[in-house]
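We use all heavy atoms of the structure for the numbers below, so side chains are in, but hydrogens, waters and symmetry mates are not.
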Amino acid sequence: HNFTTDTITADTTLYAKWHPDSTVTFNSNGGSSVDSLTSVPYNTKITAPTEPTKSMQVFVGWSKDEDTTTPWYFAEDTVKQDITLYAKWRDYQVRDIGPAGGYIFYDDEADGVDDIPDARYLEAAPASTNTSGINWGITGPLGTLKALGEGENNTAILVGLKGSGSYYPAGFCNNLQISHNGVTFTDWFLPSIEELELMERQLYQYGLGGFNTTSYWSSSETEDGKSVYARAFRINPVSWGASKWHPDDDYINTRAIRAF
């Protein structure tokens, strides 16, 4: 019955029409579970649930179809019947926030060369963990290497020589614990000089990561075993490059990384 245009010319009975409440089911496509919404009134908007998480993937949003090609817009779309929304995911990219809350600065699959055994990404520890004024604390030769993928082993060598204390760069990184989204991460290490250079180029030069404009320790000793490589974090590209530092004399910054 159209109350605007219809007229009554005889005794008439009008019958109510009802739309049942609906249920919204969230299919996380392999991610963490998301509770359904029940008793959703007809033609109403819903609030986005807490985002699911998934190992090695970034959550993009919710879609109306299994192929995740049609997004659900929580600010516009309304529920008119029982529906299922599907989570859309993508791989991590450089400069995304990683699982531990820091920025990702390297994707091992990008160049087709396997530089990091048993891992794909390198993630810098969050800015809140940045530590300044730590002395190197170990006298060489040490046997630590410069290459990408060597930082974790370098750190193990240094901790084996110096011990488990946090008062020197490798020990500080080795003991670091960071909790993010309900998970505690303890797999941190001091980057090799090539890993440190990548962190500076991919994060610092983009204004990401909360780095100080100064030099940072690597875990790589020089070829003669008498000094340690550090990296100058500077906006001016002319100053890019590794520097040699005397391990017993200098107190500079430290930032841990992890591979996953």
* Asked: Between Lys88 and Asp65, does at least one N-O distance fall below 4.0 Å, as a salt bridge requires?
  -> no
* Within a reach of under 6.0 Å around OH of Tyr73, are more than 12 heavy atoms found that belong to other residues, nucleotides or ligands? -> no
* Could you grab the distance from atom CZ of Arg231 to atom CG of Leu198, nearest 0.5 Å is fine? => 9.0 Å
* Pair Phe211 + Tyr216: ring centers closer than 6.0 Å -> yes
* Between the side chain of Ser32 and the main-chain N/O of Thr53, is any donor-acceptor distance below 3.5 Å? -> yes
* Thr222 and Asp224: side-chain donor and acceptor closer than 3.5 Å? -> yes
* CG (Asn2) with more than 12 external heavy atoms under 6.0 Å -> yes
* **Gap between atom CD of Glu152 and atom CD1 of Ile157 - 0.5 Å precision** => 11.5 Å
* **Polar side-chain atom of Lys64 near backbone of Thr70 as donor-acceptor pair, under 3.5 Å** => no
* Asked: Is the distance between the ring centroids of Tyr86 and Trp62 under 6.0 Å?
  -> no
* Asked: Would a distance-only check, ignoring hydrogens and angles, find a side-chain to backbone donor-acceptor pair under 3.5 Å from Asp108 to Ile116?
  -> yes
* Asked: Any side-chain heavy atom of Thr254 sitting closer than 4.5 Å to one from Leu190?
  -> yes
* Asked: If you group Ile, Leu, Val, Met, Phe, Trp and Tyr by side-chain heavy-atom gaps below 4.5 Å, do Ile178 and Ile134 land in one group?
  -> yes
* Asked: Under the 3.5 angstrom rule, does the side chain of Asn175 hit a backbone N or O of Gly171 as a donor-acceptor pair?
  -> yes
* Structure fact -> Closest heavy-atom pair, Ser192 versus Leu145, reported as atoms and distance to 0.1 Å, is CB-O, 4.0 Å
* **Neighbour count >12 (heavy atoms, 6.0 Å) for atom CG, Asp35** => no
* **Min side-chain heavy-atom separation Ile252-Trp136 under 4.5 Å** => no
* **Taking every non-hydrogen atom, the tightest pair across Leu176 and Ala256** => CD2-CB, 3.8 Å
* To do: To the nearest 0.5 angstrom, please state how far the OH atom of Tyr229 sits from the CD1 atom of Ile193.
  => 8.0 Å
* Looking only at side chains, do Asn253 and Ser132 share a donor and an acceptor under 3.5 Å apart? -> no
* **Thr144 and Glu150: CA distance, side-chain angles, deciding distance, side-chain contact (heavy atoms from CB on, under 4.5 Å) verdict** => CA-CA 8 Å; Thr144 61; Glu150 294 292 343; over 6 Å; no
* To do: Please answer: with hydrophobic residues joined when any side-chain heavy atoms are less than 4.5 Å apart, are Phe74 and Val40 in the same cluster?
  => yes
* **Thr184 versus Ser179, side-chain donor and acceptor atoms under 3.5 Å** => yes
* Asked: Would Ile257 end up clustered with Tyr92 when hydrophobic side chains under 4.5 Å apart are linked, directly or stepwise?
  -> no
* Asked: Below 4.5 Å, heavy atoms only, C-beta onward: do His180 and Phe185 meet side chain to side chain?
  -> yes
* Count the heavy atoms belonging to other residues, nucleotides or ligands that lie under 6.0 Å from NZ of Lys80, then report whether that count exceeds 12. => no
* Asked: Does the Asn27 side chain pair with the main chain of Asn29, one donor and one acceptor, at a distance under 3.5 Å?
  -> yes
* To do: Indicate yes or no for a side-chain donor-acceptor contact from Glu221 to the backbone of Leu142 under 3.5 Å, with no hydrogens or angles considered.
  => yes
* Looking only at non-hydrogen atoms, find the nearest pair between Pro41 and Asp21 and report the distance. => CA-OD1, 3.5 Å
* Main-chain N/O of Ala100 paired with Glu123 side-chain donor or acceptor, under 3.5 Å -> yes
* Asked: Should Val159 and Phe172 be counted in the same cluster of Ile, Leu, Val, Met, Phe, Trp and Tyr side chains packed under 4.5 Å apart?
  -> no
* Can you find a pair of side-chain heavy atoms, one from Gln202 and one from Tyr106, that are under 4.5 Å apart? -> no
* Would you say the side chain of Thr78 lies within less than 4.5 Å of the side chain of Tyr42, judging by non-hydrogen atoms? -> no
* To do: Answer yes or no: is there an ion pair linking Arg258 with Asp187, defined by an N-O contact shorter than 4.0 Å?
  => yes
* Asked: Do Ile97 and Val58 belong together in a cluster built from hydrophobic side chains that touch within less than 4.5 Å?
  -> no
* To do: Check whether any side-chain N or O of Thr12 sits under 3.5 Å from a backbone N or O of Ile8 as a donor-acceptor pair, and report yes or no.
  => no
* Residue pair Asn154 / Ser219: nearest heavy atoms and the distance that separates them -> ND2-OG, 3.1 Å
* Residue pair Leu122, Ile104: steps toward the side-chain contact (heavy atoms from CB on, under 4.5 Å) verdict -> CA-CA 6 Å; Leu122 292 177; Ile104 292 172; over 6 Å; no
* Under the side-chain contact (heavy atoms from CB on, under 4.5 Å) criterion, do Phe3 and Leu14 qualify, and how do the steps go? -> CA-CA 11 Å; Phe3 287 91; Leu14 299 180; 3.9 Å; yes
* To do: Scan Glu223, Glu194, Glu195, Glu197 and name whichever one has a side chain to side chain donor-acceptor pair (under 3.5 Å) with Lys146.
  => Glu223
* To do: Could you check if a side-chain atom of Ile138 sits within less than 4.5 angstrom of a side-chain atom of Tyr168, using non-hydrogen atoms only?
  => yes
* **Within-4.5 Å side-chain heavy-atom neighbours: Trp89 and Thr68** => no
* Taking Asp96 for the side chain and Gln93 for the main chain, is one N or O donor matched with an acceptor at less than 3.5 Å? -> yes
* Asked: Between Arg120 and Phe260, is NZ or CZ placed under 6.0 angstrom from the six-membered ring centre and within 45° of the ring axis?
  -> no
* Taking the side chain as every heavy atom from C-beta outward, state whether Val79 and Trp72 have any pair of such atoms under 4.5 Å apart. => yes
* **Derivation of the side-chain contact (heavy atoms from CB on, under 4.5 Å) call for Asn43 and His19** => CA-CA 9 Å; Asn43 202 33; His19 290 284; over 6 Å; no
* Does any N or O in the side chain of Trp217 come within less than 3.5 Å of the main-chain N or O of Arg255, such that one atom is a donor and the other an acceptor? -> no
* Which pair of heavy atoms, one from Ala16 and one from Trp18, lies closest together, and at what distance? -> CB-NE1, 3.5 Å
* Asked: How close do Ser22 and Asp82 get, heavy atom to heavy atom, and via which atoms?
  -> CA-OD1, 3.3 Å
* Just wondering, are more than 12 heavy atoms of other shown residues or ligands nearer than 6.0 Å to CG in Asp111? -> yes
